[in-house]
Structures are given as C-alpha cells and as structure tokens.
Colleague: 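One structure, as structure tokens, below. Some questions next.
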Amino acid sequence: MNRVQAILGILASLLVVQTTFTVGELYSQEMAGTMHEHPTGVACDDVPPGQERPEFGCFNIATEKGLQFPQPPVYWHIRTFANRDAAEAAKSATGIVVEEDGRVWLSEFGARDLLVKGGQPIAIVGPLQLPAAKSYTAVLSYAVMRPGDRSRVHTHPGPEGWYMIVGEQCLETPEGAHRAKAGETMTVQPNVPMELSITGTVLRKSLVLVMHDSSQPRGIPSQWKPTRACSQ
C-alpha cells in the first residue's frame, strides 16, 4: 500500500509540474503577443464598407478611374475645406474628396498651373511621370504607421506620391535613401523597386497617391533586396 501511495504521489507531482509549465508557456506567449513588434510587409489595403479599420496601416480610401491627361507630367493638387459640401462644390469631375485626420481634403490632378478654386492650398505634389496608357486610375490612400514600421518591397506600374501630414519617412530605392517629414512631399517614378520605412520618434500620417495604367494592378511585390540605407 505504501508503495502504491508513493507511486501516486510521484505521478501527482509530475502532473503539477507539467501543468505549471504549460500555464507559464501560455503566459509567455500571451506577453510576447502584447509586446510591440514593428510590422514589415505593410501594403495599402481596401477596407470593406462597414468593417472597422485597424488602428495602424495603409488604407485605400478613394479610387478614380478612366483618367486621361493630354500633357503629362501630372501634378497632384491638395487643398482642405471647412466642410464636405464646400469641397464637393469646388471639385472637378475627376476630383476626389475625402475626410481624414479631422479635415476635408480635395485632390485634383492636372498641370502644375491647374486652377483650383476655394479652400486652403496645402501642397502640389509632382511631377508625376506617367507611362503611356489609354487611361489611368488614381488610388488615394491614408496611412498611419509607427516608427520602425516598414512596407513590403514592391513596385507600381505608375508614379507614387506622398504628402506628409505628420511624422517622418524614408524611402529606399536602388538610387538610395530619400527622406521626408511633416509638411513635405515625395514622389517616385513608375516601376522602381522600393521599401518605405517610418523613421523619427512620432506616429507618421500621410496621404498617398498611386496613379497607374488602368489595365494593370496597382502594385506588385519585388525581389529587389534593400540595403537598409534608411537605418543609417
């Protein structure tokens, strides 16, 4: 009887040890999941209507198709308005009105001296060098990313432009590192492999525009290997 009790005692001890290890392991995994890990491979995504948008990321907020420009290059004109009605009244047939970051934004596309009435002028982004195409699609995105976050390595079949609302970013291409901070703009030409890194110490928010051949996808992954020049 004593021997049986001793064996049962050993088994019970082993069970307690195993249970303690499993709980501890799960706790460690949970804690690891709550720690901030800088995401890499971020891409601008569509968020279906009615679905809550994540706190951080890049989100496609408007698309204008069938654009044609007789005289490239094209410039992206950005203005803000007191309310959406005023922006809608001022916009052209191909203009885009969005509400982000507590403001109403109007985007118009055309020549550098394009006349846009009303509102507060914010920036003119360009020149955007368009490849030959029958028509173009403009995809406007809004990005909120943290210092240390990085995009996927990718290319676009058309130019990309940024207006920096707040924060800092660095774009690495085969030509090197290109940096922009709040209030500044940045562009990159078509078919250039790139990786975007969020630098500085504060949250970065920006408006992003890709204008591409309507017959092609907005962007594709690239096998190009960055040198991490933005970390230097």
Colleague: What residues, two or more places apart in sequence or in another chain, satisfy side-chain contact (heavy atoms from CB on, under 4.5 Å) together with Asp113?
Modeller: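 With neighbours one apart ignored, the set is Ala111.
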
Colleague: Does anything in residues 143-191 form a ring-ring contact (aromatic ring centres under 6.0 Å, His included)? List the pairs, not counting sequence neighbours.
Modeller: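 Checked against ring-ring contact (aromatic ring centres under 6.0 Å, His included) - neighbours excluded - the pairs reaching residues 143-191 are His154-His156.
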
Colleague: Among residues at least two apart in sequence or on other chains, which ones pass salt bridge (Lys or Arg N to Asp or Glu O under 4.0 Å) with Glu160?
Modeller: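 For Glu160, no residue satisfies salt bridge (Lys or Arg N to Asp or Glu O under 4.0 Å) once neighbours in sequence are set aside.
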
Colleague: Restricting to salt bridge (Lys or Arg N to Asp or Glu O under 4.0 Å), what partner residues turn up for Glu88, sequence neighbours left out?
Modeller: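 Result, salt bridge (Lys or Arg N to Asp or Glu O under 4.0 Å) vs Glu88: Arg84.
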
Colleague: Distance-only check: which donor-acceptor pairs under 3.5 Å involve side-chain atoms of residues 121-140, not counting sequence neighbours?
Modeller:
from, atom 1, to, atom 2, distance (Å)
Ser135, OG, Ser214, OG, 3.3
Tyr136, OH, Pro131, O, 2.6
Tyr136, OH, Ala133, N, 3.4
Thr137, OG1, Ser214, OG, 2.8

Colleague: Output the rest of the hydrophobic cluster of Val116: all Ile, Leu, Val, Met, Phe, Trp and Tyr residues reachable through side-chain heavy-atom contacts under 4.5 Å, sorted by chain and number.
Modeller: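 Taking Ile, Leu, Val, Met, Phe, Trp and Tyr as members, Val116 shares its hydrophobic cluster with Phe81, Val97, Val104, Leu106, Leu114.
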
Colleague: Not counting sequence neighbours, which residues clear side-chain contact (heavy atoms from CB on, under 4.5 Å) with Gln51? List them please.
Modeller: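 Gln51 satisfies side-chain contact (heavy atoms from CB on, under 4.5 Å) with Val47, Pro48 once adjacent residues are dropped.
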
Colleague: Is there any salt bridge (Lys or Arg N to Asp or Glu O under 4.0 Å) pair reaching into residues 56-76, and which pairs are they, with sequence neighbours excluded?
Modeller: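 Residue pairs with at least one partner in residues 56-76: there are none.
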
Colleague: Counting only heavy atoms not in Glu99, do more than 12 sit closer than 6.0 Å to its CD atom?
Modeller: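 Counting other residues, nucleotides and ligands, CD of Glu99 exceeds 12 neighbours.
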
Colleague: Please name all residues satisfying salt bridge (Lys or Arg N to Asp or Glu O under 4.0 Å) with Arg53, sequence neighbours left out, ordered by chain then number.
Modeller: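 Here the qualifying residues are Glu100.
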
Colleague: Does anything in residues 115-172 form a disulfide (SG to SG under 2.5 Å)? List the pairs, not counting sequence neighbours.
Modeller: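 Checked against disulfide (SG to SG under 2.5 Å) - neighbours excluded - the pairs reaching residues 115-172 are Cys170-Cys230.
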
Colleague: Go through the structure and list residues passing side-chain contact (heavy atoms from CB on, under 4.5 Å) with Pro226, not counting sequence neighbours.
Modeller: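 Expected list: Val153, Glu172, Glu195, Trp224, Arg228.
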
Colleague: Taking side-chain contact (heavy atoms from CB on, under 4.5 Å) as the definition, give me every residue that meets it alongside Asp101, ordered by chain and number, with sequence neighbours left out.
Modeller: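 Partners of Asp101 under the side-chain contact (heavy atoms from CB on, under 4.5 Å) test: Arg103, Tyr142, Ile165, Lys205.
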
